[in-house]
Asker: 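Sharing a structure, written as structure tokens. Questions coming.
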Amino acid sequence: MKIKHLEDLNTLVSLSKRRGFVFQSSEIYGGLGSCWDYGPLGSLMKLNVKRAWWNAMTRRPDIVGLDAAILMHPMVWKASGHVDGFSDPLVDCKECKTRFRADNTDSYINEKKCPNCGSKNLSEERSFNLMFKTHMGPLEDTGSVVYLRPETAQGHFVNFQNCQQASRYKIPFGIAAIGKSFRNEITPGNFIFRTREFEQMEMQYFVEPGTDEQFFKEWKERRWNFYIKFGIKPENLKFKDHDKLAHYAKAAVDVEFKFPMGFSELEGIHNRSDFDLSQHMKFSGKNLEYFDEPNKKKYIPYVIETAVGCDRLFLAFLCDAYREEVTTDEAGKEDVRVVMGLHPEIAPFKVAVLPLSKKEELSSISEKLRDQLAEDFDVNYDESQSIGKRYRRQDEIGTPFCVTVDFDTINDQAVTVRHRDKMTQERVAITQLNAYIAAKLKTFNQ
Ligand code: ATP
């Protein structure tokens, strides 16, 4: 058997649309640039991605959760540096009107030419602020301007004291959040890799100055292990140190994933020093120092940040999981089985119920079985076409187990359970099925 991995993002874009992972936003109106909707399978899978991250972060004794508002006091963005500095250098091609970023477009950096038509007739570089603005209240004047947050992190900094005091946690401790962020990106693209509206999963870990380098190292390791645990192949991951540090950073590294367009940032891990809390102290006039009671010490904590895009991780999971198993029979005829080899916790459905026939005696058992399984799992039900085709449909969306109900089931009250990857089959009693699936999901890859 030959295995082929994903080579082209378009394969995934069309599978996503066909099977209901991701649709173009407002498609019947021609779509809206770089906006995407998560369909029946995508919305389930996205919840699983978030749950995996959330549990890894908050099922620890030292991290609390937060769900902050998207709209924040405009001074937050003054203090954070976003109003003055959150911008990309923008260049327009005067020939073909393409607009692109000057700092990440190779043909411009190397030869000062348009990446689309090759013309050298280009505008000067202009600074373009990436924050979306809107107005709060009925008046659209300058006093009513608020921003859609471009990152979730600032919610953590302004709530640092609230979270610390409410939870009575001592430093080192962290705040984790999942939420929408908005950036008016100049060059969005590559499907859901870079969009203007996206979800971030960020954790800010507050530490004593002097211990920051050690915690930076620890978080690098933990984040790497997270990806491996959820099935990302180590050869598709690498760390990349930043050559140029952002104004707030003392150290920064990206976790890069090998997307079809090449290794690109999946997550950023930053040592933000005491920049953010110091800025918010200055702009708000509030003292955000931490008092270390036992050691009678006062200090402004340093922050180690881990920040990953939920959509980007969703894409990485799909890219990493996609495989085509190609077998050739004796006559030389090729057969391709497309398998989305997702980790069972990430897969949209854990189990599919497939009655062997549409006859009433089987569908009544099968529907009951679906309800029984749905008490514990996300279940899919499929009764149309041949069983072979139905197995293939479940393989393509990553369902770990298929359960077939056949005419023997009527007498023996048992069903056949098929494993997605090994394609092994086992007969299991209906009364034992939920416990069986739960146990097998835990040891799926063993
Ligand atoms: P990039 O260099 O790709 O623009 P960044 O370095 O500005 O990203 P951060 O501000 O560190 O990104 O954001 C943390 C994470 O949020 C990124 O690693 C990425 O996964 C995600 N992210 C950032 N911008 C976008 C976007 N426009 N669309 C989707 N995800 C994004």
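Since we're looking at a predicted model, the values are computed, not measured. Just so it is clear, the values below take in all heavy atoms, side chains as well, and ignore hydrogens, waters and symmetry mates. Atoms within a ligand are numbered from 1 in the order they appear, just like the ligands themselves.
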Asker: Step by step, would you call R18 with E396 a salt bridge (Lys or Arg N to Asp or Glu O under 4.0 Å)?
Answerer: CA-CA 11 Å; R18 187 164 44 81; E396 194 184 43; 3.0 Å; yes
Asker: Please determine, by modelled atom types, if Y227 and N236 share a side-chain donor-acceptor pair under 3.5 angstrom.
Answerer: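 No, no side-chain donor-acceptor contact under 3.5 Å.
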Asker: If you count only heavy atoms, which residues are under 4.0 Å from ligand 1?
Answerer: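 Ligand 1 is contacted, at a heavy-atom distance under 4.0 Å, by R183, E185, F193, R194, T195, F198, Q200, E265, L266, E267, G268, H270, A307, V308, G309, R312.
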Asker: Which residues pass the ring-ring contact (aromatic ring centres under 6.0 Å, His included) test with F349, not counting sequence neighbours?
Answerer: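 ring-ring contact (aromatic ring centres under 6.0 Å, His included) list for F349, sorted by chain: empty.
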Asker: Who passes side-chain hydrogen bond (donor to acceptor under 3.5 Å, both in side chains) against Q385, sequence neighbours left out?
Answerer: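 For Q385 the side-chain hydrogen bond (donor to acceptor under 3.5 Å, both in side chains) partners, ignoring immediate neighbours, are R393.
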Asker: My understanding is that only residues two or more places apart in sequence, or in another chain, count here; which of them pass ring-ring contact (aromatic ring centres under 6.0 Å, His included) with F275?
Answerer: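 F275: ring-ring contact (aromatic ring centres under 6.0 Å, His included) contacts with H247.
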Asker: Might you confirm whether atom NZ of K296 has over 12 heavy atoms from other residues, nucleotides or ligands at distances under 6.0 Å?
Answerer: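 Yes.
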